[in-house]
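Quick notes on the structure that follows.
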Amino acid sequence: MSLALPLAGVSAACSASEGAVGGAAPGSGTQGASGIGDPDFPEDGNGGYDVEHYGLKLSYDPGSRRLSGSATVRARAVQDLTAFDLDLHGLTVSQVTVDGAAARFGRRDDELTISPVARIAKNARFDVTVDYAGVPDPIRNYANLGTYGFIATPDGSFVTCEPNGAKTWFPSNDHPSDKATYAFEITVPAGVTAIANGELAGTPVTSDGRTTFVWRERHPMASYLATMTTGRFETRTGESAAGTPIYAAVDPAFHGSLDTLYTKTGQITDYWSTVFGPYPFSSTGAVVDDYAAGYALENQTKPIYGGFAPDSGVMAHELAHQWFGDSVSITRWKDLWLNEGFATYAEWLWSEHEGGSTADTVFRNYYAKTADSMWSYPPGRAQRADLFNGSVYTRGAMTLHALRREIGDATFFALIKKWTASHQYGNATTEQFVGLAEQMSGKDLSGLFDAWLFQPRRPAAVA
Ligand code: ARG
Ligand code: ZN
């Protein structure tokens, strides 16, 4: 989905397709590139087109662990295309059509290359439908990322895809710089609940022992935030005090935490709306599954908690991501502090709001840890091999606090709201954040950001 932002991912995708950005296999002539142009993840995403919408018809059987799907990807060509790629990991493709006509396709590693019968003209919209099936194979043992993607559980599936696991369950332009809207039609055995992003369209229909759930996410979403979590769930729905619909679900093993999960989700969503700007999506929520992932993920509209009932600090973090990461998305993974630093800072703000330690105290306590390993890892440049390093979280959050002290509370909180408003539903970069902070404060902040984000050492004493 393209937005009229000067540095949005779409323009970067264009240059990648011409081979201008490092690493990605360059598109030769009218072949779309095999990567969208992220130098750290050269094969992630693809060049030559911009996805507007994914229509995913999926059916999953927890017993056999078999997923079968028909994915329709509506895209707009950003160059003439005789061939282009989608990202897909494992699974067997049986048929591909482009605008209804059968297309040739090939597989190499995690690239599905499609050659339509007729060349697609630059700017044309086209629909690609991929029929596929198989037992999804999640991505494992990838530096500090753990296991992610489509993970089978005894009663269903736990689906958390950051950074590039969407390709384990649907053919996609699997990079956050190409956001799109989604419709999910998920069929599971009766008694199983299927949970995806956005809102349910109508009541799930059961026939012949199978139930179909239709969910729609009508706001642009990065592929790693898409989910089809399935299994036995207890749910509670309603509205927050400010009127945002809430969908909370827990695996029966977490029966006792459903009401707190539901209530806190509404309260925190409402509170962040006063601090960060209006809630960007049409519903909020929470899912606790019994798969012990060891982490949570900010799936759009429905953060998922992997095998634990979250405390309100963790919920404050995942719900803050709805603004920072989900609505305002990064353009390149190296800027991950724009997600994790902000969400971690939100935890500190939440602690202060609840009468616990103030953000300033949390900051000072970390600053006093002179031997901490975060000082050698510059958080403004997340490393592919260690993407979720604690520095990206904690030192990223400290960067925001140092900025707040430098520019004052009024300017800082105005900046945060301006940031979420001006990049809502889009993509942004660290350079854009620094630029906005300088513009709104009228100060040269290059020294502050350089010391906090880019130097492999502890910044000099702060006031
Ligand atoms: N964004 C998540 C959070 O901090 C972390 C995801 C970790 N991903 C992974 N594959 N381990 O809320
Ligand atoms: Zn996070």
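All ligand and atom numbering here is 1-based and tracks the order in the structure.
Protein residues having a heavy atom under 4.0 Å from any atom of ligand 1 are L145, Y148, E162, Y295, A296, L297, E298, H317, E318, H321, E340, F388, Y393, listed by chain and number.
Within the coordination shell of the Zn ion (ligand 2), defined by N, O or S atoms under 2.8 Å, E298 is absent.
Relative to the six-membered ring of F454, R381 misses at least one condition, a distance below 6.0 Å or an angle of at most 45° to the axis. Geometric assessment of K179 against the ring of Y425 yields a negative cation-pi assignment under the 6.0 Å and 45° thresholds.
The ring of F170 has its center no closer than 6.0 angstrom to the ring center of F184.
Angle NE2(H317) to the Zn ion (ligand 2) to OE1(E340), rounded to 10°: 110°.
Looking at H321 and the Zn ion (ligand 2) together, the shortest N, O or S contact belongs to NE2.
Shown here for P171 and L88, the closest heavy-atom pair between the two residues is N-CD1, 3.7 Å.
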Going through the distances and angles, do K167 and D174 end up as a salt bridge (charged side-chain N to carboxylate O under 4.0 Å, His left out)?
CA-CA 6 Å; K167 65 183 175 187; D174 197 6; 5.5 Å; no
Under the ring pair (Phe, Tyr, Trp, His ring centres under 6.0 Å) criterion, do F342 and W323 qualify, and how do the steps go?
CA-CA 9 Å; F342 282 63; W323 285 259; over 10 Å; no
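Electrostatic pairing of R332 and D40 does not count as a salt bridge here, judged by no charged N lying under 4.0 Å from a carboxylate O.
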